[in-house]
Engineer: 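Let me begin by handing over the structure; questions about it come next.
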Protein chains: 2
Amino acid sequence: MNVEERIKTSEEIPLERRTIIHIMLVANGINEKLAIALKPFDISIQQFNVLRILRGQNGKPANLSTLNKRMVSKMSNTTRLVDKLILKGYVERHTCPSNRRKVEINITSKGLDRLLKMDDVVSKTETEMLDQFSEHELKQLNLLLNQFKS
Amino acid sequence: MNVEERIKTSEEIPLERRTIIHIMLVANGINEKLAIALKPFDISIQQFNVLRILRGQNGKPANLSTLNKRMVSKMSNTTRLVDKLILKGYVERHTCPSNRRKVEINITSKGLDRLLKMDDVVSKTETEMLDQFSEHELKQLNLLLNQFKS
DNA sequence: CAATTACATTTGTATATACAAATATTGTAA
DNA sequence: TTACAATATTTGTATATACAAATGTAATTG
């Protein structure tokens, strides 16, 4: 993808700005592709992400602040995100017995089951997007990305 | 920024998935930083982007589909985005005389004036985010990003 | 132990976004 | 020239997100 072509500009873009725009374009593309892949499951990327985190807990319940810390894109409202997953029967929420301010969130077996199927299409999509890259290039890209100031 | 640390995982992430997550984290960081920079102007990144496109038109009016084509993140509703800018007095909208299905959108002098001030903080933010990079590295990063399938 | 502070989550409000349907206008073809 | 298709935008609806305020619970301190 050529940046100038994509945003239809004839003017030359300074290298720094071009880099920022480039990253944003690629990230939007990734989002779009993943959203399409997950569409048949009627689930958003964020919801998928939460399910994956919960699975990674290996049965150990997570609370909202844990989820927030581990999410790729920080949500300002994890409560409502979890609400949606409960409605779908993919997670359960209980008040934490040791600290009733907290909630314990677990993935259900139904959630685990669906997640397994989502994994397939997501992995396939990820591989498709990156099949132009050699392993060395992927490593190089990760190293460069590390230099961004967070 | 270390990916594993940021998403608090102890498990090893496959290189492809790690790359995708890395890009998303960096893009979210960019978004956040730009949003903060633009906050004093009470304007969203998308709105800022539209103003920049309109300025690039050099007086030539743009219609909605032109804006859509040139925007970094495709909006599904440019109408309402332009509505907001009109409310702020930054743009004007008129029905296109040659084709009354279209609208002609122009940036106002007030919009141009504000945009000039926004440019400063945005450029500063962009430079801050990238000051770890040499010119060679930026070029290298752009080349790698080009390999993403769009 | 009452008051205060800190913590964890929920709720309210405004705006953003995705998608589909509706509206208005223009072009075209029988 | 009427009917139909194509184009360009707007509107409706549902969900997502950002931010601030509210709620409920726990810990601390005088």
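What you see below is based on every heavy atom in this structure, not just the backbone, and it leaves out hydrogens, waters and symmetry mates. Below, read A as the first sequence line, B as the second, and so on, with proteins coming before strands; counting in each chain starts at 1.
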Engineer: Select from A:Arg100 and B:Asn63 the residue whose nearest nucleotide in DNA chain D is closer to the 5' end of that strand.
Structural biologist: B:Asn63
Engineer: Can you figure out which of C:dT9, D:dT17, D:dT9 approaches the side chain of B:Thr79 most closely?
Structural biologist: D:dT9
Engineer: From D:dT9, D:dT25, D:dT10, pick the nucleotide closest to the side chain of B:Lys102?
Structural biologist: D:dT9
Engineer: Would you mind telling me which of B:Arg55, B:Arg52, B:Lys124 makes a side chain to side chain donor-acceptor pair (under 3.5 Å) with B:Asp119?
Structural biologist: B:Arg55
Engineer: With the side chain of A:Arg80 defined as its heavy atoms from C-beta on, choose the nearest nucleotide among C:dT11, C:dA8, C:dC19.
Structural biologist: C:dT11
Engineer: Are any of the side-chain nitrogens in B:Arg18 or B:Glu12 under 4.0 Å away from the carboxylate oxygens of its partner?
Structural biologist: no
Engineer: Can you tell me if B:Glu4 has over 12 outside heavy atoms packed within less than 6.0 Å of its CD?
Structural biologist: yes
Engineer: Between D:dT9, C:dT15, D:dA16, spot the one nearest the side chain of B:Lys84, thanks.
Structural biologist: C:dT15
Engineer: So what does A:Gln47 touch, heavy atoms closer than 4.0 Å: a base, only the sugar-phosphate, or nothing?
Structural biologist: sugar-phosphate
Engineer: Rounded to whole Å, please give me the gap between CG in B:Leu38 and C1' in D:dA18.
Structural biologist: 15 Å
Engineer: Tell me which of B:Ser73 and B:Ser98 sits closer to the 5' end of DNA chain C, going by the nucleotide each one is nearest to.
Structural biologist: B:Ser73
Engineer: For the base of D:dT7, is there a side-chain donor-acceptor partner from B:Arg101 under 3.5 Å away?
Structural biologist: yes
Engineer: Identify which nucleotide among D:dT17, D:dT9, C:dA8 has an atom closest to any side-chain atom of B:Leu64, counting heavy atoms from C-beta outward.
Structural biologist: D:dT9
Engineer: Is the shortest side-chain N/O distance from B:Lys39 to OP1 or OP2 of D:dC19 below 4.0 Å?
Structural biologist: yes
Engineer: Could you check whether any side-chain N or O of A:Arg93 sits under 3.5 Å from a backbone N or O of A:Asn63, counting only pairs where one atom can act as donor and the other as acceptor?
Structural biologist: no
Engineer: Looking only at the side chain of B:Asn77 (C-beta and beyond, no hydrogens), which of the listed nucleotides C:dT9, D:dT11, D:dA26 gets closest?
Structural biologist: D:dT11
Engineer: Is the phosphate of D:dT9 approached by B:Thr78 (side-chain N or O, under 4.0 Å from OP1 or OP2)?
Structural biologist: no
Engineer: Does A:Gln46 make a side-chain N or O approach to OP1 or OP2 of D:dT17 shorter than 4.0 Å?
Structural biologist: yes
Engineer: Could you state the atom-to-atom distance from CG of B:Asn68 to P of C:dT17 in whole Å?
Structural biologist: 12 Å
Engineer: What is the separation between atom CG on A:Leu67 and atom P on C:dA8, rounded to the nearest whole Å?
Structural biologist: 14 Å
Engineer: Using whole Å, what does the distance between atom P of nucleotide C:dT17 and atom CD1 of B:Ile45 come to?
Structural biologist: 9 Å
Engineer: Would you say B:Leu143 and A:Leu144 are hydrophobically clustered, going by side-chain heavy atoms of ILVMFWY under 4.5 Å?
Structural biologist: no
Engineer: Say whether, by atom type as modelled, one donor and one acceptor occur between the side chain of A:Glu126 and the main chain of B:Arg17 under 3.5 angstrom.
Structural biologist: no
Engineer: Would you kindly give the CG-to-P distance between B:Asn49 and C:dT17, to the nearest whole Å?
Structural biologist: 11 Å
Engineer: Considering only C:dA16, D:dA26, D:dA8, which nucleotide approaches the side chain of B:Ser44 most closely?
Structural biologist: C:dA16
Engineer: For the pair made of NZ in A:Lys74 and P in D:dC19, what is the distance, rounded to whole Å?
Structural biologist: 14 Å
Engineer: Using whole Å, report how far CD1 of B:Ile43 lies from C1' of C:dT15.
Structural biologist: 14 Å
Engineer: Please state how far atom CG in B:Asp83 lies from atom P in D:dG12, giving the value in whole angstrom units.
Structural biologist: 12 Å
